[in-house]
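These notes concern the structure reproduced below.
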Amino acid sequence: MATSTGRVTGTARDRAAGAADGARGRGRPKKVGPIRRSMSQYWYAWAMVAPVVVVTAILIGWPLVRGVYLSLTDATEATMGRTIGVNVIPSTYEFIGIGNYLDILTGGLFWDKLTWTVIWTVACVGLHYGLGLGLALLLNRKLRFRSAYRLMLILPWAIPPFVAAFIWRYLYNSDFGVINAMLKATGLGAVGWLDDPTTAKIAVIAVNVWVGVPFMMVALLGGLQSIPGELYEAAEVDGATPWQRFRHITVPGLRTVSSTIVLLGTIWTFNMFPLIFLITGGGPGSSTEILVTYAYREAFTGIRNYSGSAAWGVIILLLLVVMALVYRRALRKQGEVW
C-alpha cells in the first residue's frame, strides 16, 4: 500500500504550474497589435496599395532625400560631378551643415519673396473661393441652359496651364493685346500690364483666379447639392430670410468640403510655378517672383547653385507642412474631423 509523503517534487510542481498557465492561456485571447490586426483584416487592400506606395517612394521619396542632402552641402555647377565625352569629373562638393539655411533666413531676399508669396496666395485663394461660391450658388438654382453655363465655366480649368499662360500673355501685350485694344476703343490709354511691378502682380493674380475658380465652383456645387432641401423648406416656413438660410444652413453644410478645397487651393497656389514663370518670368525684375520660381532660378539659371535651390525647396516644404498642421489643428478645435 502506497503512502503519501505530503511533499511534491520540483519537477511535478513545475509541470503542474505549466498546465495551469496553459489552461489560463487558452481561456485568454492573445493581444494583437493594431498594425498586425490591420494587415490581417485588410491584407487585400494593402496588396493593392503596395505598388503605388513603392512607386511613390521611388519617384518622390528618393528625390526628397537627395534634395535634403544637397541642401546641407555646397554643391554648385562647378563642384557637381559630370561626364564630358569619355571624361568623368568627380564631385568635389562638401558637407557644410545648415549654412545654406542660415544664409537664406538671415537675408532680406527670402522675407521679400515670402511676403509676396503670402499676398499672392491669400488673394488668389480668397478670390477663388468667393467667386467659386457665388457661381456655385447660381448654378445650383434652376436656370435655362444650366448645363451650357457649367460647361463654359469649367473650360478654364480644363485648359493646360502653359496654354492659358500663353493666351493671357498675348492678351496683356502692350502693343497688340486685346485688352489694350479694348481700352483704346473706349478712349482710354494703353497699359503696360507686364512692364510695371504693380500691374504685373495684378495681371498674374487675375490669370490664376481665372484658372482656379472652376475647381472651387465644381467642388462647392457638389457640396451644395448634398445639403438636404428639406432644411431650406423648413427654414423658409419658419420665416428665415435668405441671408439667415445661407448663414445657418449653407455655410455649415459646406464646412467640410470648404476646409478641404481651401487647403488644396492654398498648396497649389503657393507652388503655382507655370503661370508666373511663363507670363512674367518673375519680372519685371523679380517683382512677381514667388518662392518656388526663385528656387528654380537658383538651380537652372546663371551659376547654378544646386545646394541653395535645394535649401529653398526644403524651406518651402516645411512652410507648407507647418501651415497644414496649424490648419488641421484649427479645424479640430472647431469640431471638424479632417
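Numbering starts at 1 and runs along the sequence shown. Values in this document were obtained by computation on a predicted structure and should not be read as measured data.
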Closest heavy-atom pair, Leu254 versus Leu224, reported as atoms and distance to 0.1 Å, is CD2-N, 3.5 Å
Closest heavy-atom pair, Asn208 versus Cys124, reported as atoms and distance to 0.1 Å, is ND2-SG, 3.2 Å
Q) Strictly by modelled atom types, are Thr288 and Thr280 linked by a side-chain donor-acceptor pair under 3.5 Å? A) yes
(Q) When you measure from the side chain of His128 to the backbone of Thr269, do you find a donor-acceptor pair of N or O atoms at a distance under 3.5 Å? (A) no
Do the side chains of Leu220 and Ser258 get nearer than 4.5 Å, heavy atoms only?
-> yes
Rounded to the nearest 0.5 Å, the CD1 atom of Ile315 sits from the CD1 atom of Ile104 at a distance of 4.0 Å
For the hydrophobic clusters of this structure (ILVMFWY residues joined by side-chain heavy atoms under 4.5 Å, transitively), does one cluster hold both Leu102 and Leu109? yes
dist Ile276:CD1 -> Ile279:CD1 (nearest 0.5 Å) comes out at 8.5 Å
Fill in: Pro274 side chain near Phe162 side chain, heavy-atom distance below 4.5 Å
no
Here the salt bridge (charged side-chain N to carboxylate O under 4.0 Å, His left out) pairs for residues 110-135, sequence neighbours left out, are Lys113-Glu289
Check your understanding: Heavy-atom distance under 4.5 Å between the side chains of Asn271 and Leu320, does that happen here?
Key -> yes
Main chain of Tyr306, side chain of Ser309: is a donor-acceptor contact present, judged purely on distance under 3.5 Å?
no
Applied to residues 162-187, the side chain to side chain donor-acceptor pair (under 3.5 Å) test, sequence neighbours excluded, yields Ser174-Asp195, Asn180-Trp193
Main chain of Ala311, side chain of Ser71: is a donor-acceptor contact present, judged purely on distance under 3.5 Å? no
Note: Pro252 and Arg247 closest approach over all heavy atoms is CD-O, 3.3 Å
inquiry  = With a 4.5 Å cut-off on side-chain heavy-atom distances among I, L, V, M, F, W and Y, is there a chain of contacts connecting Val207 to Ile159?
reply    = yes
Do Val125 and Ile205 sit in one hydrophobic cluster, given that two such residues count as connected whenever their side-chain heavy atoms are within less than 4.5 Å of each other, even indirectly? yes
**OP:** Please check if the side chain of Tyr327 supplies one atom and the backbone of Val322 the other of a donor-acceptor pair under 3.5 Å.
**Re:** no
Minimal heavy-atom distance between Pro284 and Leu194, with the atoms involved, is CD-O, 3.8 Å
### Stepwise side-chain contact (heavy atoms from CB on, under 4.5 Å) test for Leu72 and Asn100
CA-CA 7 Å; Leu72 301 174; Asn100 290 316; over 6 Å; no
Linking I/L/V/M/F/W/Y whenever their side-chain heavy atoms sit closer than 4.5 Å, directly or via other members, would Ile167 and Met272 fall into one cluster?
-> yes
**Asked** Do Phe246 and Thr241 come close enough that some side-chain heavy atom pair is under 4.5 Å?
**Response** no
Exercise for review: Would you check, one step at a time, whether the test ring-ring contact (aromatic ring centres under 6.0 Å, His included) holds for Phe110 with Trp312?
Suggested key: CA-CA 9 Å; Phe110 169 76; Trp312 279 83; 5.7 Å; yes
Output for pair (Met216 CE, Leu127 CG), nearest 0.5 Å, gives 10.5 Å
- prompt: Under 4.5 Å between any side-chain heavy atoms of Leu139 and Leu153, yes or no?
  reply: yes
Donor-acceptor under 3.5 Å (Arg245 side chain, Ala240 main chain) = yes
Applying ring-ring contact (aromatic ring centres under 6.0 Å, His included) to Phe215 and not counting sequence neighbours gives Trp157, Trp268
dist Thr293:OG1 -> Glu298:CD (nearest 0.5 Å) comes out at 11.0 Å
Residues Ala75 and Leu70: closest non-hydrogen pair is CB-CD2, 4.0 Å
Taking every heavy atom of Met323 against every heavy atom of Ile267, the minimum-distance pair comes out as CE-CG1, 4.2 Å
In this structure, OG1 of Thr301 is separated from OH of Tyr294 (nearest 0.5 Å) by 8.5 Å
Is it the case that over 12 heavy atoms from other parts of the model lie below 6.0 angstrom from the CD1 atom of Ile98? no
Exercise. Determine whether more than 12 heavy atoms belonging to other residues, nucleotides or ligands lie under 6.0 Å from atom CG of Leu155.
Key: yes
- Task: Determine whether Phe270 and Leu291 make a side-chain contact, defined as any pair of heavy atoms from C-beta on separated by less than 4.5 Å.
- Result: yes
Practice prompt. Spell out, as yes or no, whether a donor-acceptor pair under 3.5 Å connects the side chain of Thr56 to the backbone of Val52.
Written response: yes
With the 4.5 Å side-chain cut-off for hydrophobic clustering, are Val326 and Leu317 part of the same group?
no
Residues pairing under ring pair (Phe, Tyr, Trp, His ring centres under 6.0 Å) where one sits in residues 271-291, two or more places apart or in two chains, turn out to be Phe273-Phe277, Phe273-Tyr296, Phe277-Tyr296
Q) Taking side chain as C-beta onward, heavy atoms only, is Val211 less than 4.5 Å from Pro156? A) no
Within the structure provided, determine whether Thr83 and Asn87 are in side-chain contact (heavy-atom separation under 4.5 Å). no
Residues 67-101 vs ring pair (Phe, Tyr, Trp, His ring centres under 6.0 Å), sequence neighbours excluded, gives none
Rounded to the nearest 0.5 angstrom, the CE-OG distance for Met80 and Ser307 is 9.5 Å
Practice problem: Using atom types as modelled and distance alone, determine if a side-chain donor or acceptor of Asn140 lies under 3.5 Å from a backbone N or O of Leu221. | Solution: no
Less than 3.5 Å apart, which donor and acceptor atoms pair up between the side chains of residues 225-239 and the rest of the protein, not counting sequence neighbours?
from, atom 1, to, atom 2, distance (Å)
Ser226, OG, Gly223, O, 2.6
Tyr232, OH, Thr250, OG1, 2.7

Open item on the list: Does Lys201 qualify as a cation-pi partner of Trp116, given the criterion of NZ or CZ under 6.0 Å from the six-membered ring centre and within 45 degrees of its axis?
Closed with: yes
Checklist entry - Side chains of Asp74 and Thr76: donor-acceptor distance under 3.5 Å anywhere? => result no
